[in-house]
Q: 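Attaching a single structure in structure tokens format; questions to follow.
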Amino acid sequence: MTFPTTRLRRFRATPALRALVRETTLDPGDLVAPLFVCHGEKVRRPIGSMPGHAQLSVDEAVKEAAAIASLGIGGVILFGIPAKKDAVGSEGYSKDGIVPRALRAIRAAVPGLVLWADVCLCEYTDHGHCGVLTGEGAATRVDNDKTLPLLARAALAYAEAGADIVAPSDMMDGRVGAIRRALDEAGRSETPIVSYAAKYASAFYGPFREAAESAPQHGDRRGYQMDPSNGDEAMREVALDLEEGADMVMVKPALPYLDIIRRVKERFGVPVAAYNVSGEYSMIKAAAEKGWLDGERAALESLTSIRRAGADVIITYFAKEIAPLLGPGLGKRTP
Ligand code: PBG
């Protein structure tokens, strides 16, 4: 008796057959593009470690957002470079800070685009940490509970300026609950929170700290961001953030933490975002510049892998470059 032979190569024979059986797809609408906004006018200050990206003044950010929207990209996430930094990061929660200004301008000029606002103090503090400091000398640390009301004020200022989504990235305990309460009390119960729930203390944030001018001036972020060795702890972070009212949870960085993305998706079944961070972008860009790999293919493969792992949404610096290579995005007919 002969048995039929399983041949997996039959569906690999042509592009059309491969498209037919493709399990994971990438749509411009799943991508979110980060923008760095600064004061001034007609400013486009290139970020050396992130080719293709620049700090943009509000007028330039509006143009960039319009171009991004026309590609069907799912949204932009804003990071601010303040005029002045201080110990408590006050421009971060000022209603007239750089991010609220940019939000108002983009909201008016590009009404349909989903606007995310990253909520953190590190771009705004003179010491570069994600919260306010307490203690002296070697005992200096970030004061969790003193930071919470400032983050809540920032989130509210951004929601009032037009943010569709607020996304706390500071990793203080209890911040999702504090932000939820502040939004609700101000009549903003409709504003969703995407929490950077499992955010690791990563070497891959290097280029971002140049882009956002937010490197810690002393010490590091290991006292509040997660230890890269831990997976179970990420589940606890996610569970707590969901309990406090997070509407979507994020894993960050993405590629070194695909296992975490998969576990979060399987365990909680909630919308999951992944942040394909600056270092993940710059590595590919640098290698492509040297001719060591095909940058476009490497980017597509990375993003597809992050989706395959379980991410619904990907924040990525590749958004604008990759979206034109993909399907029609928002224009797609739905039932
Ligand atoms: C702010 C923040 C960081 C990133 C996003 N929000 C930097 C950090 O924690 O140092 C990193 C994003 C990237 O590397 O692309 N807390």
Q: Is there a chain of hydrophobic side chains (I, L, V, M, F, W, Y, each step under 4.5 Å between heavy atoms) that links Leu151 to Leu240?
A: no

Q: Please tell me if the side chains of Glu296 and Ile322 come closer than 4.5 Å, counting only heavy atoms from C-beta onward.
A: yes

Q: As an exercise, state the distance from OG of Ser195 to CZ of Arg175, rounded to the nearest 0.5 Å.
A: 5.5 Å

Q: Between Tyr317 and Phe208, is any pair of side-chain heavy atoms under 4.5 Å apart?
A: yes

Q: Could you state the interatomic distance from NZ (Lys42) to NZ (Lys63), rounded to the nearest 0.5 Å?
A: 7.0 Å

Q: Output yes when Arg262 and Glu266 qualify as a salt bridge under the 4.0 Å nitrogen-oxygen rule, no when they do not.
A: yes

Q: If the test is ring-ring contact (aromatic ring centres under 6.0 Å, His included), which one of Tyr124, Phe36, Tyr158 qualifies with Phe79?
A: Phe36

Q: Evaluate whether atom CD of Glu190 has more than 12 neighbouring non-hydrogen atoms of other residues, nucleotides or ligands under 6.0 angstrom away.
A: no

Q: Report yes if the side chains of Thr191 and Leu156 come closer than 4.5 Å at any heavy-atom pair, otherwise no.
A: no

Q: Starting from Ile98, can I reach Val43 by hopping between I/L/V/M/F/W/Y residues whose side chains sit under 4.5 Å apart?
A: no

Q: Can you name the closest pair of heavy atoms from Val251 and Val264 and give their distance?
A: CG2-CG2, 4.2 Å

Q: Which heavy atom of Leu31 sits nearest to which heavy atom of Leu326, and what is that distance?
A: CD1-CD1, 4.3 Å

Q: Starting at OH of Tyr224, measure out to NE2 of His129 and round the result to the nearest 0.5 Å.
A: 5.0 Å

Q: Enumerate, atom names and distances included, each donor-acceptor pair closer than 3.5 Å involving a side-chain atom of residues 109-123, sequence neighbours excluded.
A:
| residue | atom | partner | partner atom | Å |
| --- | --- | --- | --- | --- |
| Asp118 | OD1 | Ser169 | OG | 3.2 |
| Asp118 | OD2 | Ser169 | OG | 3.1 |
| Asp118 | OD2 | Tyr196 | OH | 2.6 |
| Glu123 | OE2 | Gly80 | N | 3.3 |

Q: Sub-3.5 Å donor-acceptor pair from the side chain of Glu91 to the main-chain atoms of Ala83, do we have one?
A: yes

Q: Looking at residues at least two apart in the chain, or sitting in another chain, which of them share a side-chain hydrogen bond (donor to acceptor under 3.5 Å, both in side chains) with Ser229?
A: Asp227

Q: Under 4.5 Å between side-chain heavy atoms, counting indirect links through other Ile/Leu/Val/Met/Phe/Trp/Tyr residues: same cluster for Leu242 and Met235 or not?
A: yes

Q: Would a 4.5 Å heavy-atom cut-off, applied to side chains only, mark Val313 and Asp30 as touching?
A: no

Q: Just how far is it from atom NZ of Lys95 to atom CZ of Arg104, taken to the nearest 0.5 Å?
A: 9.5 Å

Q: To the nearest 0.5 angstrom, please state how far the CD atom of Glu237 sits from the CE atom of Met171.
A: 4.0 Å

Q: Quick test of your reading of the model: are Arg107 and Asp164 salt-bridged, counting only N-O distances below 4.0 Å?
A: yes

Q: To check you understand the geometry: which heavy-atom pair defines the closest contact between Ile284 and Ser302, and what is its length?
A: CD1-OG, 3.6 Å

Q: Please tell me if the side chains of Val270 and Met248 come closer than 4.5 Å, counting only heavy atoms from C-beta onward.
A: no

Q: Whether Arg180 and Asp241 form a salt bridge (side-chain N of Lys/Arg under 4.0 Å from carboxylate O of Asp/Glu) is what I want to check.
A: no

Q: Tyr281 pairs by ring-ring contact (aromatic ring centres under 6.0 Å, His included) with which of Tyr205, Phe318, Phe204?
A: Phe318

Q: Heavy-atom distance under 4.5 Å between the side chains of Thr316 and Ile306, does that happen here?
A: no

Q: Within a 6.0 Å radius of atom CZ on Arg236, are there more than 12 heavy atoms belonging to other residues, nucleotides or ligands?
A: no

Q: More than 12 non-hydrogen atoms from neighbouring residues, nucleotides or ligands closer than 6.0 Å to CZ on Arg44, yes or no?
A: yes

Q: Does a side-chain heavy-atom distance below 4.5 Å link Ile47 with Glu210?
A: yes

